[in-house]
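Proteins come first, then strands; the chains are lettered A, B, ... in the order of their sequence lines, and each starts at number 1. Because only heavy atoms are used, hydrogens play no part in the values below, and waters and symmetry mates are left out as well, while side chains stay in.
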There are 2 protein chains.
Amino acid sequence: MSKIYGAIEAGGTKFVCAVSDENMNILKRVKIPTTVPEETMAEVFKFFDEDPVCAMGIGSFGPIDVNRKSETYGYITTTPKQGWANYDFLGDMKRHYDIPYVWTTDVNVAAYGELKRGAARGKESCVYLTVGTGVGGGGVINGQLLEGYGHPEMGHMLLRRHPEDKYEGKCPFHHDCLEGLCAGPAVEARHHGVKAYDIPKDDKDWEIEAYYLAQACMTYTLVLSPEKIIFGGGVSKQEQLFPMIRQSFKEQMNGYVKTPDLDDYIVHVELGDDAGITGCLLLAIEADK
Amino acid sequence: MSKIYGAIEAGGTKFVCAVSDENMNILKRVKIPTTVPEETMAEVFKFFDEDPVCAMGIGSFGPIDVNRKSETYGYITTTPKQGWANYDFLGDMKRHYDIPYVWTTDVNVAAYGELKRGAARGKESCVYLTVGTGVGGGGVINGQLLEGYGHPEMGHMLLRRHPEDKYEGKCPFHHDCLEGLCAGPAVEARHHGVKAYDIPKDDKDWEIEAYYLAQACMTYTLVLSPEKIIFGGGVSKQEQLFPMIRQSFKEQMNGYVKTPDLDDYIVHVELGDDAGITGCLLLAIEADK
């Protein structure tokens with residue numbers, strides 16, 4: 001019998017678990033609501049008990065501890081989500097299944113999936129930015145997951161304000177950081193409570209959104225020099241934003257750094273909701289080598 | 001006879017060339033003024049002709065092309081420095097010496113030197129930021145030089161302005177980007193032409209400088225999560241700045257991301273002017289393996 005591999009994309013609202021063969025064919029998959037660890041993890045273990053896998057990739061919501069030198073390596077750390085703060089996620093997995101694991105963020109696994117099978121196929125580097133209820137970013141550099149002392153928190157960088165934007169921002173830590181200005185709740189609050197998908201496509205607020213997302217792309221370019229910047233998440237499904245982001249990027253960068261053609265550089269996620277699970281499975285297979 | 005290795009730290013005002021044995025003992029070294037390629041490179045070749053090395057690390061001023069898929073890989077590209085734009089630096093070297101090379105930026109080699117032998121010894125990642133006549137940044141992530149489509153240009157990120165800073169900025173591309181607000185010439189222009197080292201240590205302008213450098217450190221932390229951020233270059237010799245940068249970093253980050261203790265995180269270059277040459281030699285020795 002051939003080997004099978006496991007994946008957990010652990011999100012703040014749901015967990016997706018999957019099992020694949022060594023050719024990445026998904027054999028089964030389940031969605032489990034993220035309630036409290038005792039409930040959610042009981043379902044996770046039930047799923048994997050049925051078909052023991054030989055290695056597993058986990059991409060988790062965070063913040064999480066990815067520092068192997070840390071005593072809390074493998075923990076979800078300071079999340080406000082009830083029950084999950086200081087939860088020893090990886091430790092709990094290891095107590096159930098003594099197999100190789102890859103442990104990183106939900107956005108890092110999505111970046112890895114896109115690099116190997118999605119929009120950044122054939123590249124060695126990319127940034128994956130999801131803009132939804134929050135803003136999160138992950139990356140791959142020189143073919144490896146972007147990690148250091150901890151993991152990136154690309155959604156919280158400070159920005160130069162758009163001159164016509166009077167919105168004060170929604171981040172409890174930084175007010176008007178990228179997430180505080182650009183995540184879905186900020187878009188809606190700026191527009192007096194109108195849902196993002198009800199805001200007209202030609203509204204000035206989209207220009208403001210594009211300006212900030214372009215500035216974020218500029219910073220990622222200047223700091224990381226990735227080969228692709230890939231957008232996922234709800235707000236990024238606003239198709240009208242992409243040409244505006246590229247145009248604003250061009251204006252703000254002002255020709256200083258050479259990039260790939262912007263239509264090929266600032267792009268949509270290609271694997272959609274499967275980016276994360278794909279990344280987890282690829283990392284699981286590699287961990288078994 | 002044991003093997004010897006070569007290093008070129010190619011700066012905009014001078015080239016430093018060195019030869020070492022396999023234990024990194026420097027056997028000889030020369031400084032050559034950066035005039036025009038014909039003159040400067042003639043001296044470089046004369047230096048290495050005397051003692052042929054078996055591999056070489058080159059850290060060059062830029063922008064340079066580090067993209068191996070590019071037709072101009074190995075070139076200095078768009079520098080305003082007369083004679084050096086579109087100069088095929090690496091190609092010229094290879095025509096003289098058919099040996100393995102490592103080719104990257106001056107700040108990347110300094111980051112590598114500091115990682116292996118300086119302030120970031122024992123780590124896998126760091127950022128090296130030099131603040132002098134310009135602002136340049138390099139990095140090492142997962143033990144590898146930080147490169148992607150091109151190389152980082154960390155000095156040109158846009159910033160949130162300090163509320164009391166009215167200076168318009170000096171960057172010809174972006175006006176008030178990090179370099180435009182924080183490099184030596186900007187510090188002097190803000191202070192009506194007074195040289196940086198003549199500005200009193202308790203002047204408000206240093207608080208402004210620290211605010212911007214702290215914001216840069218915050219962005220590097222959020223995007224890269226390095227284990228150390230290392231400052232080199234002239235302005236960073238202002239000792240009073242370091243506690244101020246750390247304090248401002250703490251205030252701006254507002255506890256969102258865990259970092260090492262700030263006294264161990266935002267630090268001075270340890271190898272001083274030797275960081276770059278050390279990195280070049282280490283990379284040369286590794287290229288020969």
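The NE2 atom of B/His156 sits 12.5 Å away from the OG1 atom of A/Thr219 when rounded to the nearest 0.5 Å. Rounded to the nearest 0.5 angstrom, B/Ser125 OG and B/Ile141 CD1 are separated by 5.0 Å.
Between chain B and the options A/Glu124, A/His151, A/Arg161, heavy-atom pairs under 4.5 Å are most frequent for A/His151. Ranked by non-hydrogen atom pairs under 4.5 Å with chain B, the options A/Thr77, A/Thr259, A/Val257, A/Leu145 are led by A/Thr259. Of the residues considered (B/Pro63, B/Gly150, B/Pro172, B/Ser225), B/Ser225 shows the highest number of contacts with chain A, using heavy-atom pairs under 4.5 Å. Counting heavy-atom pairs under 4.5 Å between each of B/Gln215, B/His174, B/Glu147, B/Met218 and chain A puts B/His174 at the top. Ranking B/Arg160, B/Glu227, B/Lys258 against chain A, the residue ahead of the rest is B/Arg160, based on heavy-atom pairs under 4.5 Å. For the set A/Asp176, A/Asn67, A/Asp65, the count of heavy-atom pairs under 4.5 angstrom toward chain B peaks at A/Asp176.
Residue A/Lys69 touches chain B through its side chain alone, counting heavy-atom pairs closer than 4.5 Å. Both the backbone and the side chain of A/Leu224 come within less than 4.5 Å of a heavy atom in chain B.
A/Phe89 approaches A/Ala10 most closely through the heavy-atom pair CE1-CB, 3.7 Å. The minimum heavy-atom distance linking A/Tyr167 with A/Gly180 is given by the pair CE2-O, 3.7 Å.
Between B/Arg121 and B/Glu270 a salt bridge is recorded (basic side-chain N to carboxylate O distance below 4.0 Å).
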